[in-house]
Structures are given as structure tokens and as C-alpha cells.
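Report on the structure given below.
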Amino acid sequence: ACSRTARRLPCTVDGNLRRRASDLAEMSTMHPAPARHRAAHPFRMLKERPPVYRGEFREPKREINDITLGSSSRQMLQRFIKSETYAVLMDFLLRLNASVVGKPCSTSVHESEVVKRLCGMLETMEAWVREIPPVQQPMRYGNTAFRTWIAKVEEHAEELLAGVIANEAPRECIVELKAYLNESFGSKQRIDYGTGHENLFLALLCAFDRLGLVSEEDYPAIVLRVFVRYVRLLRLLQKTYMLEPAGSHGVWGLDDYHFLPFIFGAAQLTGHPEYTPSSIHSESVLKAESDEYLYFAAIAAIGMFKRGPFGEHSPMLNDISAVQEWRKVNQGLIKMYHDEVMQKLPVMQHFPFGNLLPLTPLSFDVE
């Protein structure tokens, strides 16, 4: 493993993010939004899962930063926050989160054929990493062989997705699915990866849900099988090609690359009779339980890139470890994801909108 000096942001940003971590210790419930804001409130599931999409398909495009649409990027971001896609993505995240409460990764769960084929697709991509070794270059980070790997994903995206959907959805939907798949593993140009790319993989899974390719019965397997394999692939990519963090908060981020493993991992550990958030400081726990709990695996993975006292290179995670209950950690991290990912222009300006996930007003009720 190699070491990296954590990058510091201006103190105002550092302070804001650290306060978010400290606030977790005081959070016990998510306050309901005023009625006039309730349609866009991030912590409420929709009354029902969105209906299966049965319309036409189009190539998704980035609209938040498209000046030809006549609105500023920030106006378009506000439009997104009130959109169907915003509500559907947050609803999907909450349902996935609820489905794995108290479930370690080895839990026996229902695995549909689509879930199995998604896992197979990720395993194929993992094999390609081993076929495309890093090149010799003077720069330590950002190995250009990553571009070769991404190009192979793009070249075979339609074939891969066709294999996953089989005959269970119209072939025309691939034009939308591949827009999310191709952007889920990092930037080919910058050779970096961050929460925006991770969010696009969540969008890909949500698109499968919109197509009716997965059911609510599949949700635990989507996290414990598909997402676990996705994270495993990304860690291999990060280690093999030394991807740069994309838009990292540096020392005040959760880690340099991921967010969702901490959310799902905290859900898994909710109600655990032995482990508390402070258990991340036990090397024996991390070694014994990283295969079972995404949160512990994410903490252990930080050691691939950072050395030194944990409280110095990961003070936000260190602060969170003082929270008494995993439930509060889980709730706080969902709020933080909403604030730091779903409502951040530098992240969401890259999100492509199609017909499955459109930039149109919310048309569903919330509970």
C-alpha cells in the first residue's frame, strides 16, 4: 500500500464538514419537512414504488449545466431537487438502506436472474482489469492504462447490458442504461473517481428498478451482492490504476472515493449486539468482519492509501465513531449524502437525464 497526504480545503469548508460529523452525535430523528416542502423532502419514501416505465427511450444528456436551456446551472439544480428523478433516487436509496438493516453480507437473500447477471457483468469487468496491467509512467497517480480499461467497457457496454436484461425489457432501453454504466467507474479524461460516479451506479440500479427488471424482493441482494461486487471492482481499479479522488473533501471527507458503503454499512450494523461505531478502532474487528460489513470494509480500505493516526487522516470518520448508535450514524449519513452529493452542483451537473430518469417535476405523492 502507498501513502497519500490528505489534501486540506479552506478552513470554512473544513469547518462546515466537521460540524456535520459532530452533529451526528446529537441527531436522534429526522425532523419532518413543512407540508409545502414535503414533495421534495429527502427522508420520506414515496407512498409506493414508482410505476414501471413503459414509454420510449432516448439518449440521456446533461441538462443541469446546459446553458442552451435558458436557465443558470443553479436554477437547473433547484429544478432537479424538485424533479421526479430526485424523488425516485432518494426513495430507491432509502428502500435499499431499509432492506439491509441488521443483515451482514453473508445473509441468505433472494437473488433473481437479473441480479445474478449483474454480478456476472461486474466479474467480467474485474477480469479485464487483470488483463490490462498499469503502464510504466513517471506519474505515481492516474495510470493511463485506466483509459484502456474504460474504453473496453464503453466498447462492450451494449453487449454487457443486453446480456443482463436478456428478453425481460425492450432492447431500446440500453441507450439509457449505458449512459449510466459508462460513467460509473470514473472519468476517462481525468483518471479519477468520486461520489458522482458512485451516484451514477446508484442511478443505473434505479433504472433497472424503473424498468421492472428487479423487484423489492431483490433489494437486499442489490446491496449485499451487486453493490458489494461493484465496490470490490472499484477498489481494484483504485489500487491498480491509482485513480485520483474526484472533488475530494480531503481530510474532511469520509474517504477519498466513496460514500454509499458507509450508509449501507451503518444500516447493516444497526442493532448489532456487540459492535458500536467505536469498533472501527479495533484492528481485530476490521480484520474479522470486513467481509461481512461494508462499513468495516470501507474503514479498512482507507489503509490502502493513508498512513498515520486515524484521527489525523480521517477526522470526520473519527468524530462519527463517537456516536453511540449505528441507527443515528445511518440517519446522519443519509442526510449528509443528500446535502453533500444530491444537492451539490459540482456533482450533479454531470448527471445525464433521459426518459427513465427525467428532469421533470415530481408526479408522485410521499407518505
Side-chain angles (χ1 to χ4, degrees), residues 6 13-33 41-45 90 93-107 195 220 223-224 227-228 231 249-256 258-303 306 308-342:
V13 179
D14 282 349
N16 288 339
L17 288 171
R18 190 174 191 183
R19 280 194 294 275
R20 291 192 189 283
S22 298
D23 288 347
L24 285 171
E26 301 174 5
M27 296 175 67
S28 58
T29 59
M30 293 298 178
H31 300 293
H41 193 268
F43 306 114
R44 292 178 181 270
M45 292 183 189
M90 286 304 302
L93 173 59
L94 289 171
R95 291 179 189 274
L96 292 181
N97 180 74
S99 76
V100 295
V101 170
K103 294 183 174 73
C105 292
S106 62
T107 302
T195 52
V223 177
L224 303 180
F227 188 75
V228 165
V231 173
H249 286 304
V251 73
W252 293 118
L254 288 182
D255 73 8
D256 279 341
H258 293 284
F259 204 122
L260 292 176
F262 294 98
I263 292 178
F264 296 141
Q268 289 181 287
L269 285 158
T270 294
H272 197 283
E274 179 181 356
Y275 300 134
T276 67
S278 65
S279 297
I280 66 167
H281 300 294
S282 168
E283 289 295 331
S284 61
V285 170
L286 297 182
K287 185 175 181 180
E289 300 291 5
S290 288
D291 289 340
E292 288 283 30
Y293 298 101
L294 282 160
Y295 201 101
F296 292 150
I299 296 294
I302 291 173
K306 295 180 179 179
F310 187 80
E312 291 183 9
H313 63 62
S314 300
M316 179 176 280
L317 288 166
N318 192 59
D319 285 352
I320 291 172
S321 72
V323 179
Q324 297 300 307
E325 299 177 24
W326 285 110
R327 177 182 60 84
K328 292 182 181 180
V329 173
N330 182 244
Q331 290 178 333
L333 289 175
I334 291 171
K335 183 181 187 302
M336 196 183 297
Y337 189 81
H338 164 257
D339 293 345
E340 299 299 327
V341 178
M342 296 292 286

ring-ring contact (aromatic ring centres under 6.0 Å, His included) partners for F262, two or more places apart: Y295

Applying ring-ring contact (aromatic ring centres under 6.0 Å, His included), can you list everything that pairs with H281, at least two apart in sequence or on another chain? F310

Only one of I320, L260, N97 clears side chain to side chain contact (heavy atoms under 4.5 Å, CB included) with L333; which? I320

Side-chain touch [X]/[Y], heavy atoms, less than 4.5 angstrom:
{"X": "C105", "Y": "Q268", "result": "yes"}
{"X": "I302", "Y": "L317", "result": "yes"}
{"X": "P220", "Y": "T107", "result": "no"}
{"X": "E274", "Y": "V285", "result": "no"}
{"X": "V223", "Y": "V228", "result": "no"}

Enter the distance from [X]:[atom1] to [Y]:[atom2] here, rounded to the nearest 0.5 Å.
{"X": "N318", "Y": "I280", "atom1": "CG", "atom2": "CD1", "result": "6.5 Å"}
{"X": "E340", "Y": "T195", "atom1": "CD", "atom2": "OG1", "result": "9.0 Å"}
{"X": "I334", "Y": "F264", "atom1": "CD1", "atom2": "CZ", "result": "8.5 Å"}
{"X": "Q324", "Y": "S278", "atom1": "CD", "atom2": "OG", "result": "7.5 Å"}
{"X": "L93", "Y": "H338", "atom1": "CG", "atom2": "NE2", "result": "11.5 Å"}

Taking every non-hydrogen atom, the tightest pair across [X] and [Y]:
{"X": "S284", "Y": "S282", "value": "OG-OG, 2.9 Å"}
{"X": "P104", "Y": "L224", "value": "O-CD1, 3.7 Å"}
{"X": "S290", "Y": "F296", "value": "OG-O, 3.5 Å"}

Over 60° means perpendicular and under 30° means parallel, so tell me whether H272 and Y275 are parallel, tilted or perpendicular. parallel

Ion pair check, K306 and D256, cut-off under 4.0 Å: yes

Any side-chain to backbone donor/acceptor pair from E325 onto V323? Under 3.5 Å, distance only. no

